[in-house]
Amino acid sequence: MPMLLIALLLPSCTHKDAAVDSTGLPPVCNAGSVWTPGTTAFRDASADWGITDLMPVGVRVDAVDFDGDGWTDLAVRSGWDGDDFNGGNRSTWLLRNTGEGRFEDVTQSSGVVVGRDGDTSAGRAGPVWVFADVDNDGDLDLYTGLPDADNNFSETSEIRLNNGDGTFSLADGGDARVERSDTPYGAAFADVDRDGNVDLWTGQYGAIQDLLFAGDGAGGFTEVTGERGLTTRRWAQLSDLNQGLAHSNAWSAAACDLNNDGAPELLASSYGRAPNHLWLNDGAGSFTNVSVDSNYAFDHRTDWSDNESARCWCTLHPTDADCAGVPAPERIACSSDGDAFRWDHTYDREPFRLGGNSGATVCRDVDNDGWVDLLTTEIVHWDVGTSSDPSELLFNTQDPNVVFERPGNEVTGLTREHDRTDWNDGDITGSIFDFDNDGWPDVWIGSSDYAGTRGLLFHQTAPRQFEAVPPADGVDHTRSHGSAIADFDRDGDLDIVVGHSTARCSDDCRDTFEVRLFENLMGEDSNFLQLHLVGTGGSNAAAVGARVEVTADGVTQVQHVTGGFGQWGNQDDLTLHFGLGGACEADVTVTWPDADGTTETFALGGGYRYVVTQGAGAVGEM
């Protein structure tokens, strides 16, 4: 277990820019580490951790310390089905980190899957999971979302309160217990109005209204979508669709502060080449739709003439609008005047249909300029041409109204080779984390559901420049769906857990489909700093939304505590991890998510995990 070393105290602080000269812990100094080709960065440690029996499949992953013992635990789900705890199939696992390099299955004993009828043996459906402290009592509670458009299930989307001992009970939840048609495919906790209580943002699949629920700080939630300006329109008018004013077709949700005003924006990424949605927070929890103006709704690539199906259509209908000069398809046959392969000439030339099939959006300051950037993951098919948005980085232009630029993968280096002509990029999930502790975030893209897909790891070699990490050096995992990042073994570097999708399986699927834990091997010579934040007073207890700046060796990194993101609710550890490169100490500024944006500063030695409590200082642990 962690050993308590020393408390770094500071005066009571309730206003901006309070500072403290923190001393007491000697820095742990190492040479520093940077990954280079040929260096093995990860090993598959799944068997060591005892997770090779999680069957039949796990594709939805959260890394959170649900029992508050300082060791990051794991939540894994596979789908809508319940669990047979009498030896049948399982679809949900809550795994406690023992602190000894193994997980133990506490799903049933934790009560996390007990139904409303009290049945402890059958489990319950609810594939969307995100965690936060909704009642501000010092432990992490859980939202479980259940997509149920046709009301086929006896259970509903729920809030489950942590009892403080690692067990959970069903809460009333108010409006967050949905008694109506509800199709959440993603969810994120965020304190949108900075009143000290986390709120809940859910992205709804099926071209219906996304929903915002205001938290009362006691576990109850009230739907406030309309009154906060988040109302969208039916899919009826082309102008609404092209301007991003119609409903999203959400596959995921996210909440992050994109203009550095302390208030989180809300995002919903859309499947089916429908516009992604971005909502600008006015600082008090009301929102304006800036989806198109921000360049998040879809990219600038609008030339559809290299779409094989469009070429087929125009070959068969050469007098139709815009068909003049469109060449014949190169790889599909157009032998009859029937429906083209997949092309609707009336609608598919519209801007709203020239975007992407978005899986997840990941928020992170990638280029260390102090402004949060975005990674979008996308499904792209071989035949659609360059108009379909690829997985790529969107860089923040620092406009207070939130605008992104898309330099493209050819510029950033997030490119890949395809070993077949009928390729499909099934990029649905992703993560951003500094795997080699050099102080620069790296990119993980989980690609799945199609032949030839695998997880892709990219190392940042210079600001906004990336190189591919070969599977043999990094994470060798085909059909990668779902990821979660944490220092599970507390050795000073970030490990990754990834899931495996069985969709459209062929000979490139693994023999078994359980999640895999890849242990990071880069920590021995590296420098790092970990910060676990505890909000008090006017901040929510889990400090969701807090901004942390760490300056070391001339580089300033920014991270935020987040309350979930991605398809089905991915979540990385709420303890923030900073690689320090060649430095072994850092200056730290925490901006708390309260109404005043209270800041506190520390000088901290590297090599430790610090628990930072608002107004009470930092406590270092080994």
Q: Could you check if a side-chain atom of R301 sits within less than 4.5 angstrom of a side-chain atom of P390, using non-hydrogen atoms only?
A: yes
Q: Hey, what do you get for CG (D299) to CD (E405), rounding to the nearest 0.5 Å?
A: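 These two atoms lie 13.5 Å from each other.
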Q: Give the minimum heavy-atom separation between D303 and T386, together with the two atoms involved.
A: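 Minimum heavy-atom contact is O-OG1, 4.0 Å.
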Q: Could you measure the distance from the CG atom of L456 to the CG atom of D427? Nearest 0.5 Å is fine.
A: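 Rounded to the nearest 0.5 Å, the CG-CG separation comes to 6.5 Å.
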Q: For residues D320 and W313, is any side-chain donor paired with an opposing acceptor at under 3.5 Å?
A: yes
Q: V380 versus V384: any side-chain heavy-atom pair under 4.5 Å?
A: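 Counting from C-beta outward, V380 and V384 do come under 4.5 Å.
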Q: Any chance you could lay out the side-chain contact (heavy atoms from CB on, under 4.5 Å) test for V515 and I51, step after step, and finish with the verdict?
A: CA-CA 7 Å; V515 296; I51 60 174; 4.0 Å; yes
Q: Does any donor atom in the side chain of H560 or D257 lie under 3.5 Å from an acceptor atom in the other side chain?
A: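 Their side chains do not contain a donor-acceptor pair, so the 3.5 Å distance test is not met.
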Q: Measure the spacing between OG of S239 and CD of E350 and express it to the nearest 0.5 Å.
A: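 It is 10.0 Å, given to the nearest 0.5 Å.
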Q: Does some side-chain heavy atom of L267 sit less than 4.5 Å from a side-chain heavy atom of Y296?
A: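 Y296 vs L267: side chains touch.
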Q: Strictly distance-based, threshold 3.5 Å: is any side-chain N or O of Q237 a donor or acceptor partner for the main-chain N or O of L241?
A: no
Q: Using the side chain to side chain donor-acceptor pair (under 3.5 Å) definition, which of the options T144, T92, D62 pairs with R77?
A: D62
Q: Can you give me the closest heavy-atom contact between W279 and G229, atom names plus distance?
A: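 Between these two residues, the closest heavy atoms are CZ3-O, 3.3 Å.
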Q: Would you find a donor on one side and an acceptor on the other, under 3.5 Å apart, between the side chain of N289 and the backbone of G244?
A: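 Answer holds: yes.
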Q: Consider only side-chain N and O atoms of E378 and S358, and report whether a donor and an acceptor are under 3.5 Å apart.
A: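 Yes, a side-chain donor-acceptor pair sits under 3.5 Å.
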Q: Measure from the side-chain N and O atoms of H345 to the backbone N and O of A321, and report whether any donor-acceptor pair falls under 3.5 Å.
A: yes
Q: Any side-chain heavy atom of E467 sitting closer than 4.5 Å to one from W35?
A: yes
Q: Do any N or O atoms from the side chain of N281 and from the backbone of E265 form a donor-acceptor pair under 3.5 angstrom?
A: no
Q: Between Y271 and W251, how do the two ring planes meet: parallel, tilted or perpendicular, split at 30° and 60°?
A: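 Geometry flag for W251 against Y271: parallel rings.
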Q: What are the two closest heavy atoms between T231 and G226, and how far apart are they?
A: OG1-CA, 3.4 Å
Q: Does either side chain, that of Y143 or that of T202, offer a donor lying less than 3.5 Å from an acceptor on the other one?
A: no
Q: Does D434 reach the main-chain N or O of G439 with its side chain, forming a donor-acceptor pair under 3.5 Å?
A: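 Yes: the side chain of D434 pairs with the backbone of G439.
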Q: Taking atom types as modelled, find out whether S269 and S252 have a side-chain donor-acceptor pair closer than 3.5 angstrom.
A: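 Indeed, the side chains of S269 and S252 share at least one donor-acceptor pair under 3.5 Å.
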Q: Quiz question: by atom type and distance under 3.5 Å, do the side chains of R273 and S387 form a donor-acceptor pair?
A: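 Side-chain D/A pair, R273 to S387: present.
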Q: Counting only N and O atoms by type, is there a donor-acceptor contact under 3.5 Å from the side chain of R364 to the main-chain atoms of D442?
A: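 Flag not set: sc R364 to bb D442 has no pair under 3.5 Å.
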Q: Is it the case that the side chain of D373 and the backbone of V366 share a donor-acceptor pair, with hydrogens and angles ignored and the cut-off at 3.5 Å?
A: yes
Q: Do the side chain of D367 and the main chain of P463 share a donor and acceptor less than 3.5 angstrom apart?
A: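 Looks like no, no N/O pair under 3.5 Å.
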Q: Run F466 and F458 through ring pair (Phe, Tyr, Trp, His ring centres under 6.0 Å) and show every step you take.
A: CA-CA 6 Å; F466 293 83; F458 296 91; 7.2 Å; no
Q: Could you check whether H418 and D425, counting side-chain N and O atoms only, form a donor-acceptor pair closer than 3.5 Å?
A: yes
Q: How long is the span from the CG atom in N307 to the CZ atom in R349, to the nearest 0.5 Å?
A: 12.5 Å
Q: Would a distance-only check, ignoring hydrogens and angles, find a side-chain to backbone donor-acceptor pair under 3.5 Å from R479 to Y450?
A: yes
Q: Rounded to the nearest 0.5 Å, how far apart are OG1 of T376 and CD1 of I445?
A: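 Going from OG1 on T376 over to CD1 on I445, the span is 8.5 Å.
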Q: Taking side chain as C-beta onward, heavy atoms only, is D383 less than 4.5 Å from S309?
A: yes
Q: Can you give me the closest heavy-atom contact between Q398 and N396, atom names plus distance?
A: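 Closest approach of Q398 to N396, heavy atoms only: N-OD1, 2.8 Å.
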Q: Consider side chain to side chain contact (heavy atoms under 4.5 Å, CB included). Of T225, L230, D282, which one does F287 pass it with?
A: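 The option that passes is L230.
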Q: Evaluate the side-chain proximity of W444 to V475: yes if any heavy-atom separation is below 4.5 Å, no if none is.
A: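 In short, these two side chains touch, coming nearer than 4.5 Å.
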Q: May I ask you to say whether R234 pairs ionically with D240, meaning some side-chain N is under 4.0 Å from a carboxylate O?
A: no
Q: Under a 3.5 Å cutoff, is there a donor and acceptor pairing between the side chains of Q204 and H247?
A: no
Q: Is H500 close to R516 at the side-chain level, that is, under 4.5 Å between some pair of heavy atoms?
A: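 No, every pair of side-chain atoms sits at 4.5 Å or beyond.
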Q: Any chance you could lay out the side-chain contact (heavy atoms from CB on, under 4.5 Å) test for N276 and T361, step after step, and finish with the verdict?
A: CA-CA 10 Å; N276 300 326; T361 295; 5.5 Å; no
Q: To the closest 0.5 Å, what do you measure between CZ (F435) and CG (N520)?
A: 8.0 Å
Q: Is it true that a side-chain atom of D476 and a backbone atom of A472 form a donor plus acceptor pair closer than 3.5 Å?
A: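 It does not hold such a pair.
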Q: Considering the options L374, L394, L278, T397, which one meets the side chain to side chain contact (heavy atoms under 4.5 Å, CB included) requirement together with S294?
A: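 That would be L278; it is the only one of L374, L394, L278, T397 passing the side chain to side chain contact (heavy atoms under 4.5 Å, CB included) with S294.
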Q: Give me the atom names and distance for the closest heavy-atom approach of Y185 to A250.
A: CB-O, 3.5 Å
Q: For C256 and F565, run side-chain contact (heavy atoms from CB on, under 4.5 Å): C-alpha distance rounded to whole Å, both residues' side-chain angles, the deciding distance at 0.1 Å, then the answer.
A: CA-CA 10 Å; C256 43; F565 69 97; over 6 Å; no
Q: Could you walk me through whether I379 and I428 pass the side-chain contact (heavy atoms from CB on, under 4.5 Å) check?
A: CA-CA 7 Å; I379 295 176; I428 301 174; 4.1 Å; yes
Q: Is there side-chain contact between N295 and V403, with heavy atoms separated by less than 4.5 Å?
A: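 SC-SC contact between N295 and V403 confirmed.
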Q: At their closest point, which heavy atom of S447 faces which heavy atom of R416, and how far apart are they?
A: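 In this case the closest contact between S447 and R416 is OG-NH1, 4.1 Å.
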